Amino acid sequence: MKIYNTLTRKKEKFKAIHPGQITMYVCGPTVYNYIHIGNARSVIAFDTIRRYFEYKGYKVKYVSNFTDVDDKMINEARAEGTTVPKLADRFIKAYLEDTNALNVEKATLHPRATHEIKSIITFIQKLIDKGYAYEVDGDVYYRAKKFAHYGELSDQNIAQLEEGASKHINDEEQQRKEDPIDFALWKAQKEPDEIAWESPWGKGRPGWHIECSVMSTKYLGDTIDIHGGGQDLEFPHHENEIAQSEAATGKKFVNYWMHNGFVTVGKDQEKMSKSLHNFVTVHDILKRVDPQVLRFFMASVQYRRQINYSEENLKQAEIILNRFKNTLTSIDYRLADDTESAASAELKQAVQETQKHFEAAMDDDFNVQNALTAIYDVLPVVNANANLSKVDKGELKHFKELLNSWLSIFGIDTKKLTAKVTSPDNEKINTLIKMRDEARKNKNWAASDQIRDRLKRMGITIQDTPQGTRWTRDEN
RNA sequence: GGCGGUGUAGCCAAGUGGUAAGGCAGAGGUCUGCAAAACCUUAAUCGUCGGUUCGAGUCCGACCCCCGCCUCCA
């Protein structure tokens, strides 16, 4: 299995620290708003990766944090006249609802920065003791240049970083810092009503980057297998995490750094982001789009590539899901009917090949496009087989199980896809179909078509096959 | 300016140097009473220019377009 490592800018053979187990940390959102499609992309990308590891038999420890205190949180809470913790609670709840709707597996742990203040203070103190950090009037800064590997992840050189940073910070900050690229580990309280905790350096709150170093090492260990996040976190966030963690522990922080590509929008394909105000929240879009369609759309692009968010592309995802649905439905009908089973070497071999191709593609840095292609290639074979008067029922069943597990890597629940929800009108549907079959027998096409139209209005599509009339619900 | 990514048919997109996978849409056909679904057939010389090579989308050079990071952002 190969994974592209941002640190080395190469695909590397994946080797877990502990065989059969994987430790994964994924940077989560700042919870001052609903998550948008771009945030969801990251969540979905790493959920898909996690699910594939699990498919391969790994046990995955998956930690994803909530940043529940920072300037944006403080400002938003003020604007709404609420407190930072209340604001956080509200949007953490919304996050869990949204990601649950997108069928994202629950993290092993969702630590919150504000619940880790003690550990954060201890960690910062360690950095001060080791000479990697210094305090100035209640603020604590990290001495970036002291860390020899600073800039390696994002491939930036120190001089240029200094030049860039000096343009962005004000004189007052410039004077406090030893160097413009030094970054805050601890920020002193500025207003009396501002949320703050006691510390050896006075009242204040943690800086942004420190929480991830603390939570990752605390819950997953000094060195972990995989650390993920959006490409925009490469610098400075992840660069700083490496500096903090490796300075504190003296060990390698992360073996494989993985960064997902952005969601872009519009004909200019601009990055979707909160600051550009071109975002769509998951909360809103799910009011009109089937969560499975959104999930499949986002999961079907390889995690490093950009996703161009558009109605047309969303529509395409829906059509493909429908093909899966049709195939699975026709398999279900064939498995349930009383026709004889007949072994098919052709089908068996095609299914075997598909599995091989699917896994080879996923093993290659999660190349989901090629993995899906493997499935698209076998669908015509399966569909054609499912139309035969005698089918290989054992092999069809086997394929169905495989397809279920493959699609579940993409976050698709095939049960939901094909559910013939038991509802009060099931009996009515079957009665109508019987009536129609009767009409067809008598070649009473007008009556037959009338019943079909009526069923269509109920959201039921019917298909006539040699094995009898089938029906599916249009919406799941 | 520095770093990184990207440019393949209307759209999505795969492509270890050897005569361009696949999907969607479109067109034609088979099946069907008609449909639906399914199945079959069907399209591009790969941003531009030059180089290396028997041979390049695939390597080298130059250039152009777009996107991102370098400041909060998945």
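A note on names: the letters A, B, ... follow the listed sequences, proteins ahead of strands, and every chain is numbered from 1. Not measured: the values here are computed from a predicted model.
Considering only the side chain of A:Ala165, B:U71 comes nearest among B:C69, B:U71, B:A37.
Listed pair A:Asn39 / B:A74 meets the phosphate criterion, a side-chain N or O lying under 4.0 Å from OP1 or OP2. Between A:Asn370 and the phosphate of B:G15, there is a side-chain N or O to OP1/OP2 separation shorter than 4.0 Å.
Nucleotides B:U71 and B:C12 are separated by 34 Å at their C1' atoms, to the nearest Å. If you take atom C1' in B:U6 and the same atom in B:A14, they sit 16 Å apart, rounded to whole Å. Only the P atoms considered, B:G10 is 13 Å distant from B:C46, to the nearest whole Å. Taking atom P in both B:U52 and B:U41, one finds a spacing of 42 Å when rounded to whole Å. B:C11 and B:A43: their C1' atoms are spaced 14 Å apart (whole Å). Between B:U58 and B:A20, the distance separating the two C1' atoms is 11 Å to the nearest Å. B:G22 sits 23 Å from B:C59 when the P atoms are compared, rounded to a whole Å.
A donor-acceptor contact shorter than 3.5 Å links the side chain of A:Asn313 to the backbone of A:Asn308.
Base pairing of B:A56: no nucleotide in any strand meets the Watson-Crick or G-U wobble criterion (both distances under 3.5 Å).
Under the 6.0 Å cut-off for aromatic ring centres, A:His149 and A:Phe147 qualify, their centroids lying closer than that.
Atom NE2 of residue A:His227 and atom OG of residue A:Ser245 lie 8.5 Å apart, to the nearest 0.5 angstrom.
Straight-line distance from the CH2 atom of A:Trp471 to the P atom of B:A36: 20 Å, rounded to whole Å.
Stacking annotation: A:Tyr376 is not stacked on the base of B:G22 (requires ring centroids less than 5.5 angstrom apart and an interplanar angle below 30 degrees).
Considering A:Thr329, A:Thr418, A:Leu379 as possible partners of A:Phe324, the one that fulfils the side-chain contact (heavy atoms from CB on, under 4.5 Å) test is A:Leu379.
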